[in-house]
Protein chains: 2
Amino acid sequence: MAGGTEVPGGGARPATSTDVAIEAGVSQATVARTFSAPHLVSEGTRQRVSEAAARLGYVPNAFARSLKSQQSNVVGAVVPAYGEYWQNVLSAVTRELAARGRQLLLFSFTDPGEVDDVLDIVRQYRVSGLLLASASIRPDQLSAMRRQSSPTVAFNQPAASGLVSSVSVDNESGCRLLASHLVDQGCRTAVFVGGVSSISTDQARYRGAAREMGDHGVALPYIEAGAFSYDAGYGCAERIARLAPDAVMVGSDEVAFGVIDGLESRGIRIPDDLAVTGFDGLPQAAWAGIDLTTLVQPTDLLARHAAELLVDTASASRPTDVVVDGHLRIGRTTKRSDR
Amino acid sequence: MAGGTEVPGGGARPATSTDVAIEAGVSQATVARTFSAPHLVSEGTRQRVSEAAARLGYVPNAFARSLKSQQSNVVGAVVPAYGEYWQNVLSAVTRELAARGRQLLLFSFTDPGEVDDVLDIVRQYRVSGLLLASASIRPDQLSAMRRQSSPTVAFNQPAASGLVSSVSVDNESGCRLLASHLVDQGCRTAVFVGGVSSISTDQARYRGAAREMGDHGVALPYIEAGAFSYDAGYGCAERIARLAPDAVMVGSDEVAFGVIDGLESRGIRIPDDLAVTGFDGLPQAAWAGIDLTTLVQPTDLLARHAAELLVDTASASRPTDVVVDGHLRIGRTTKRSDR
DNA sequence: GAATCCTATGAATACGTATTCATTGCGTCA
DNA sequence: TGACGCAATGAATACGTATTCATAGGATTC
């Protein structure tokens with residue numbers, strides 16, 4: 001058996017502000033001020049304290065600070081564990097928050113059924129803001145979190161209106177743009193492939209697409225892939241092929257990638273036999289080998305709005321809804337060579 | 001009559017264990033025990049406390065708990081803000097940690113130069129474990145964090161040996177597998193495309209590839225893409241084409257996707273004119289439209305090992321290095337129809 | 001030259017919980 | 001029956017910091 005595992009500096013407890021105070025010959029209060037309100041400390045003292053702190057390797061304890069000051073610099077995020085889209089959102093939001101001096105405490109869930117348990121854990125952390133990837137979170141769950149006096153932002157769920165703040169892209173008009181583009185290309189029959197029909201985002205996208213198509217006399221049957229994943233999209237190919245439409249509008253890029261490959265595996269050529277559109281504007285949509293026509297969400301802009309709401313404590317009592325327009329990206333998947 | 005579910009609204013400060021104690025007619029200590037050591041409380045009392053807590057909407061304060069108990073359930077993660085690969089790792093690690101009752105506090109950085117600042121912030125949070133996406137973190141920065149008595153794990157940087165624990169795939173043997181496969185396919189000349197040559201992972205992969213190729217008398221010049229991104233890969237096409245090799249081994253999938261599209265845009269057919277391999281085994285590599293030959297990292301397994309090390313407090317004083325083998329995925333990008 | 005104000009600091013307290021120590025009541029064993 | 005052990009609880013304290021209140025000079029004003 002190996003005995004005392006001697007780590008230099010390992011067993012020693014981290015230095016506290018009191019330790020630094022003694023080392024620098026000042027009071028603990030002065031040390032605290034040096035780090036959290038330097039302007040209240042004279043130049044000379046600040047210097048001495050800083051040196052003492054450096055000598056002892058002192059670093060303020062964020063937990064104690066949060067406890068006392070009743071506010072943390074931590075923003076919570078409840079996000080699905082899977083999904084290309086959410087990974088990108090998370091990445092963008094993290095960047096924006098970091099730029100505002102906030103850290104992100106991540107709570108992920110695999111199954112929507114876990115959300116309640118996760119939210120209970122979230123409550124234990126007195127986060128200064130909460131981001132909810134709400135396509136997967138029920139409205140009543142959203143409203144339960146509003147109790148917190150900290151800003152709460154639902155990402156991509158405009159239906160959350162009134163309960164919490166929200167930031168989202170205009171799903172309906174985005175889909176109208178896509179549908180309109182397809183009609184321009186000569187599309188006369190089409191199909192919509194959604195991910196999960198119970199999700200409000202999915203519904204809004206279908207609604208927009210169906211209305212625009214309807215305005216041009218084109219019917220738009222709905223097919224449910226069952227998940228927002230490549231595989232789910234791939235598995236839809238047969239059902240789509242059976243309907244033999246001019247075009248297929250897919251509710252999200254990730255599913256669309258699967259749909260495309262599924263269709264091509266059945267010998268259907270895109271766009272010659274069938275046009276395909278997506279939604280989200282994932283990075284992969286722009287890859288030359290894919291070049292998907294899609295509605296690009298301005299993720300960075302959305303993330304910036306979200307971060308601003310999360311940082312602004314006043315927004316807690318005044319829920320704000322931000323809706324941003326996406327823009328059309330036209331790729332090879334809808335470019336008919338003939339007509 | 002469910003009147004009790006009413007919680008005094010927004011502005012009211014959250015209930016504390018003392019509030020619950022009064023409500024339930026017990027001491028604060030008993031309330032604390034009810035939540036953190038229920039077995040020390042009698043059945044009846046536990047019941048009464050739970051009801052009082054529910055009535056007041058009480059939730060334990062994680063910060064206060066961490067402060068007093070000197071340990072948090074929070075694991076820190078320092079990860080680059082961009083990159084498909086890291087997003088996947090993060091996603092996997094988050095899942096594994098959630099299963100172990102840990103939350104993830106995310107610190108992201110855009111530029112390696114920010115790492116020092118980020119690490120300073122990390123130190124403020126007394127995280128119970130720290131995950132370092134260390135391909136971008138210097139060894140001296142790693143060792144500086146070892147001071148913490150909490151487990152520190154470098155993900156994908158075996159060179160961290162001795163300083164902190166590490167979890168990584170066997171880069172060198174993985175690349176040997178890929179190279180060997182290419183030679184079997186009849187490859188006689190080849191090129192290696194790395195991301196950033198100063199990164200140890202990049203070096204290890206090139207080393208493995210070059211050695212295996214060398215064993216078969218094939219030279220392997222190195223080309224640096226300049227970043228681990230699609231665009232960087234796309235931009236390499238010209239330099240690759242100029243060398244006109246049989247095969248190009250790319251150091252990471254994300255770059256490989258770019259290389260493929262870049263080459264095809266120049267009229268080079270894959271795999272007929274040129275074979276391509278990647279490394280990482282990103283989900284996109286398995287997409288039918290891409291079907292890249294690559295070395296698949298067992299991300300879930302790596303994440304599990306990382307999570308276990310991060311949770312095991314003993315691992316702090318006993319750095320452990322875990323190296324796992326990846327497996328070869330053979331896709332269309334190396335399948336020669338003729339020869 | 002005193003009244004006043006401002007700056008820099010220290011002493012003391014509170015944040016919400018976990019934990020030690022002490023106390024009580026009760027069942028058990030000799 | 002008395003000594004003892006155990007289970008359940010309460011009182012008190014400590015975790016590390018921010019902040020209020022008080023104090024001592026020193027500069028400023030009339």
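We name chains A, B, ... by the order of the sequence lines, and we start the count at 1 in each one.
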Can you confirm whether B:Asp116 sits close enough to B:Gln141 that some side-chain heavy atom of one is under 4.5 Å from a side-chain heavy atom of the other? yes
Spacing of A:His39 atom NE2 relative to C:dT9 atom C1', expressed in whole Å: 15 Å
When you compare the side chain of A:Val49 with that of A:Val26, does any pair of heavy atoms fall below 4.5 Å? yes
Those residues that, when tested against B:Thr94, pass side chain to side chain contact (heavy atoms under 4.5 Å, CB included) (two or more places apart): A:Leu106, A:Ser108, B:Leu90, B:Leu104
Atom-to-atom span, CZ of A:Arg48 to C1' of C:dG10 - whole angstrom: 13 Å
How long is the straight-line distance from CZ of A:Phe107 back to CG of B:Leu97, given to the nearest 0.5 Å? 12.5 Å
Over its full length, what angle do the end axes of the helix from C:dG1-D:dC30 to C:dA30-D:dT1 make, each axis taken from five pairs and the result rounded to 10 degrees? 40°
Under the ring-ring contact (aromatic ring centres under 6.0 Å, His included) test, which residues partner B:Phe63, sequence neighbours left out? A:Phe63
Could you pull out all residues at least two apart from B:Tyr58 that satisfy ring-ring contact (aromatic ring centres under 6.0 Å, His included)? B:Phe35
Tell me, please, which residues at least two apart from B:Val323 pass side chain to side chain contact (heavy atoms under 4.5 Å, CB included). B:Ser168, B:Asp170
Rounded distance [0.5 Å steps], OG in B:Ser198 versus CZ in B:Arg138: 11.0 Å
Please encode protein proximity along nucleotides 16-22 of chain C as a string of B, S and -, counting only heavy-atom distances under 4.0 Å. BBBBB--
Whole-Å distance separating the CZ atom of B:Arg46 from the P atom of D:dA7: 14 Å
Can you tell me the distance, in whole Å, between the CZ atom of A:Phe63 and the C1' atom of D:dC15? 13 Å
